[in-house]
There are 4 protein chains.
Amino acid sequence: MAGDGAVAHGGRPGRPRKIPLSNPERRREVFDAVRALLAEVGYERCTMDLVAQRARASKATLYQRWPSKAQLVVDALQEHQPALAGADTGSFRDDLRHLLISWLSGLTEEDRGLVIALLEGSRRDAELARLRRERLSRPLQQAAETVLARAQQRGEIPPGVDEELLVELPFALVLMHVLVLDEEPGRELVDRIVDGVLGPLLGAPEPPRPG
Amino acid sequence: MAGDGAVAHGGRPGRPRKIPLSNPERRREVFDAVRALLAEVGYERCTMDLVAQRARASKATLYQRWPSKAQLVVDALQEHQPALAGADTGSFRDDLRHLLISWLSGLTEEDRGLVIALLEGSRRDAELARLRRERLSRPLQQAAETVLARAQQRGEIPPGVDEELLVELPFALVLMHVLVLDEEPGRELVDRIVDGVLGPLLGAPEPPRPG
Amino acid sequence: MAGDGAVAHGGRPGRPRKIPLSNPERRREVFDAVRALLAEVGYERCTMDLVAQRARASKATLYQRWPSKAQLVVDALQEHQPALAGADTGSFRDDLRHLLISWLSGLTEEDRGLVIALLEGSRRDAELARLRRERLSRPLQQAAETVLARAQQRGEIPPGVDEELLVELPFALVLMHVLVLDEEPGRELVDRIVDGVLGPLLGAPEPPRPG
Amino acid sequence: MAGDGAVAHGGRPGRPRKIPLSNPERRREVFDAVRALLAEVGYERCTMDLVAQRARASKATLYQRWPSKAQLVVDALQEHQPALAGADTGSFRDDLRHLLISWLSGLTEEDRGLVIALLEGSRRDAELARLRRERLSRPLQQAAETVLARAQQRGEIPPGVDEELLVELPFALVLMHVLVLDEEPGRELVDRIVDGVLGPLLGAPEPPRPG
DNA sequence: TATGAATGAGGTTTCATTCAT
DNA sequence: GATGAATGAAACCTCATTCAT
């Protein structure tokens with residue numbers, strides 16, 4: 001009853017096994033685990049236990065580097081900036097076609113859940129919400145501006161067309177097919193969008209290729 | 001602190017006659033609570049405790065009528081089918097304009113969170129996923145078919161346009177602005193879509209209306 | 001990867017075994033567990049797990065009735081107001097002797113730790129601090145007033161004696177022996193205090209007991 | 001956000017020369033940190049992390065010098081022995097008055113929490129308990145013996161008075177006011193004790209010193 | 001020697017779910 | 001049929017402690 005004391009903590013923690021989290025490679029492993037789980041099970045179910053287990057770290061280790069789950073998620077996503085290809089193909093249609101394809105190639109099945117997880121988590125975490133805007137809206141808008149500017153210089157945009165919506169349009173369609181219709185987007189969809197919507201909208205079924 | 005729970009029920013003496021859940025009105029109260037919470041806090045945080053509390057029922061009562069939280073959510077959403085106005089205005093553009101506006105009017109701020117909750121919950125519950133398809137895709141497709149059929153009869157659709165995408169397009173743009181860009185959609189957006197995208201796509205800034 | 005879902009929560013919780021916590025007897029069992037643990041291991045180490053285990057309840061059950069550990073502890077202590085015997089023995093010395101003995105009988109080995117736990121917990125919880133004042137100071141002051149008033153009426157208090165300190169004095173000595181010197185207080189200490197301090201202080205080595 | 005930790009150490013170029021813990025000055029910094037934290041947050045919440053942070057050391061360094069948290073705390077307290085003034089004033093009452101005042105001056109607001117922390121920690125660590133007896137009881141008893149011996153020589157102690165309790169008495173009253181009644185002790189209390197209790201106990205309100 | 005880094009073992013609290021009335 | 005009450009299973013986060021450099 002009395003003489004208990006001095007039990008201390010038991011086990012034998014302490015060994016800094018493996019590569020430390022300060023190592024960028026190692027950190028990336030954690031981020032990969034986070035993103036994978038986020039995509040698989042969503043924000044709420046992406047527990048720190050699961051992350052730790054998949055990253056082969058301990059929860060305490062994670063909490064040493066990131067003050068909270070939200071911060072960890074934020075960092076994990078930040079790291080994963082997919083580069084949008086903005087090459088100049090000579091025509092607005094092909095610019096967009098390439099952009100979409102490069103976007104889709106980065107938008108794996110994994111990322112599909114990720115997008116939802118992001119929307120979900122944003123409702124609870126303001127920091128996450130901020131990041132989402134930067135991660136989803138920004139690249140889109142930047143790509144938009146670049147591609148659109150070139151198209152304007154080429155005189156490809158017919159008058160009366162809302163230019164902002166014009167560029168959002170293909171992404172919106174892809175997102176809808178992905179999120180709402182549960183489709184796996186592919187080249188086929190891209191071609192349908194470019195040829196079946198953007199083409200007619202820009203006036204010519206096939207951009208005039210002067211010879 | 002303690003004695004809450006009990007609901008006032010008229011001034012009549014006698015035992016607290018509670019309306020049973022078999023009563024459709026009562027059931028609707030529960031559904032309203034579920035939807036409100038879903039919209040406010042998302043699927044995960046929409047706990048049975050919260051639902052019970054807001055619906056002034058007990059959790060056990062809820063579980064007597066619905067076998068699980070998922071089923072309750074599914075039923076709650078099923079009940080809330082917003083009617084999409086599909087009036088024939090004489091032109092494709094105005095048909096869509098009306099359709100969008102009627103859709104938006106049903107897409108309250110509440111429902112915005114609801115859409116995310118739906119996407120979120122769908123990842124865990126196949127039943128919810130099925131319902132989502134019915135709740136989001138179906139009305140869309142049905143409206144699409146109706147409006148599109150009329151437009152085809154009128155010969156409004158230029159050749160080369162992907163008809164399916166054509167109808168999805170406005171919804172996709174609205175959804176994108178709502179979900180991703182965090183905007184509150186309004187008439188203004190609808191007009192931009194109809195006039196700045198659909199119009200040019202259909203060929204004429206304003207469909208020629210010969211006397 | 002996809003087809004996971006529907007795992008639900010597993011086990012088979014739900015059975016309302018045993019007597020419910022609304023039952024005062026049952027609640028007392030919980031309080032007893034709390035107090036025992038508090039005395040044995042102090043506030044911090046008195047974990048909810050331990051309480052639940054000793055009270056043969058589940059943590060969730062405890063949290064249903066009490067919003068936090070602090071509240072549970074507060075309630076557990078509040079319930080355990082030891083009654084201080086304030087019988088009129090005819091002399092101040094014997095009044096105090098009886099009072100001290102009745103206090104000590106309530107101040108079991110258990111309560112000794114409890115006092116420390118109370119002091120300890122008070123630093124973190126304002127509610128607990130309030131309770132401490134009521135549990136430790138109040139009984140003391142009330143006993144003080146009663147016994148002192150009688151002594152004053154009997155004309156037992158010599159002039160020049162600080163009456164407040166006079167009554168606090170025996171309690172302070174007991175507390176010191178208990179808390180600081182780690183002694184188990186008993187009748188012996190009480191007699192030493194009454195005869196070796198109070199007696200000389202009151203002037204007469206033995207109160208005159210006229211036949 | 002990341003690069004904190006490192007302490008400024010003069011402006012000199014070269015490697016960060018940290019003072020080792022073998023240095024007594026450095027060790028004292030650690031002790032100060034420990035005591036401050038102990039007083040501020042109690043034994044349990046006085047975490048090694050906090051100590052390390054406040055002492056600008058690393059936990060591993062601390063563990064290199066002290067085998068456990070308890071030992072560190074013990075050592076930190078040992079170092080902080082307040083000197084009790086035991087000057088001979090010529091009378092028992094004034095000897096005690098001076099002793100109490102010198103004790104109180106060392107019993108800062110900080111130490112008040114320290115006392116509780118000590119009691120708290122003692123329940124878990126026998127070593128701490130031993131030290132506490134030495135830190136609190138010893139100085140008390142030594143001062144007691146000295147002052148009491150002088151009083152006995154002067155013939156100030158009336159027969160029938162329990163001499164041990166007589167000397168404990170003022171400390172007990174002070175402790176009670178400090179710990180239980182949450183008062184900040186001051187000269188006023190000391191005077192009340194000396195004049196309102198000790199005086200009468202020793203026989204005369206002011207030792208009659210007939211010319 | 002000093003430290004950055006890692007870790008097992010809990011700690012408090014919450015949630016979907018189920019008996020017994 | 002409605003409800004009060006109970007519960008197993010996590011979830012997030014913290015702490016004393018120990019390697020490896």
To the nearest Å, give me how far apart [atom1] ([X]) and [atom2] ([N]) are.
X        : N       : atom1 : atom2 : value
Arg45(C) : dC15(F) : CZ    : P     : 12 Å
Leu50(B) : dT14(E) : CG    : P     : 12 Å
Gln53(A) : dT7(E)  : CD    : P     : 14 Å
Leu62(B) : dG4(F)  : CG    : P     : 12 Å
Lys69(B) : dT17(E) : NZ    : P     : 8 Å
Met48(C) : dC12(F) : CE    : P     : 20 Å
Asn23(C) : dG4(F)  : CG    : P     : 17 Å
Leu72(D) : dC15(F) : CG    : C1'   : 15 Å

- Task: Would you classify Thr61(A) as touching base, sugar-phosphate or nothing, given that sugar-phosphate means primed atoms plus P, OP1 and OP2, and contacts are heavy atoms under 4.0 Å?
- Result: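 Result for Thr61(A) = base.
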
- Task: Describe the nucleic acid contact of Arg65(B) in one word from base, sugar-phosphate, nothing, applying a heavy-atom distance below 4.0 Å.
- Result: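 If one applies the 4.0 Å heavy-atom cut-off, Arg65(B) turns out to touch the sugar-phosphate alone, with no base involved.
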
Sequence neighbours left out, what passes side chain to side chain contact (heavy atoms under 4.5 Å, CB included) with [X]? Give chain and number order.
X        : result
Ala60(B) : Ser58(B)
Arg28(C) : Asp32(C)
Arg54(D) : Ala33(D), Ala36(D), Leu37(D), Glu40(D)

Return the nearest nucleotide to the side chain of [X]; candidates are [options].
X        : options                  : value
Tyr63(A) : dG1(F), dT13(E), dT14(F) : dT14(F)
Lys59(B) : dA6(F), dC15(F), dT3(F)  : dA6(F)
Ala60(C) : dG11(E), dG4(E), dT7(F)  : dT7(F)

- Name all stems that contain residues of DNA chain E, defined as runs of 3 or more consecutive Watson-Crick or G-U wobble pairs, both distances under 3.5 Å.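 Output for stems: E:2-21 with F:2-21.
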
- Arg26(B): what forms a salt bridge (charged side-chain N to carboxylate O under 4.0 Å, His left out) with it, not counting sequence neighbours?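 By the salt bridge (charged side-chain N to carboxylate O under 4.0 Å, His left out) rule, Arg26(B) matches Glu29(B).
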
- Task: Kindly compute the distance separating CH2 (Trp66(B)) from CG (Asp75(B)), expressed to the nearest 0.5 Å.
- Result: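 So the gap between those two atoms works out to 7.0 Å.
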
- Item | Which residue lies more 5' along DNA chain E, comparing Arg26(D) with Asp49(C) via nearest heavy atoms |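 Final value for this comparison: Arg26(D).
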
- Position toward the 5' end of DNA chain E (nearest nucleotide), Ser22(A) or Leu21(D):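 On the 5' side of the pair lies Leu21(D).
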
- Any donor-acceptor pair under 3.5 Å from Arg35(C) side chain to Ala76(C) backbone: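 Yes, the answer is positive, given that a donor and an acceptor are paired below the 3.5 Å cut-off.
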
- Tell me, please, which residues at least two apart from Tyr63(B) pass ring pair (Phe, Tyr, Trp, His ring centres under 6.0 Å).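 In terms of ring pair (Phe, Tyr, Trp, His ring centres under 6.0 Å), with neighbours along the sequence ignored, Tyr63(B) is linked to no residue.
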
- For DNA chain F, whose closest nucleotide is more 5', that of Cys46(A) or that of Ser58(B)?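 Mapping each residue to its closest nucleotide by heavy atoms, the 5'-most match is Ser58(B).
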
- Query: Quick one: is dT1(E) close enough that its OP1 or OP2 comes under 4.0 Å of any side-chain N or O from Gln64(D)?
  - Reply: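 Yes, Gln64(D) has a side-chain N/O under 4.0 Å of OP1/OP2 on dT1(E).
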
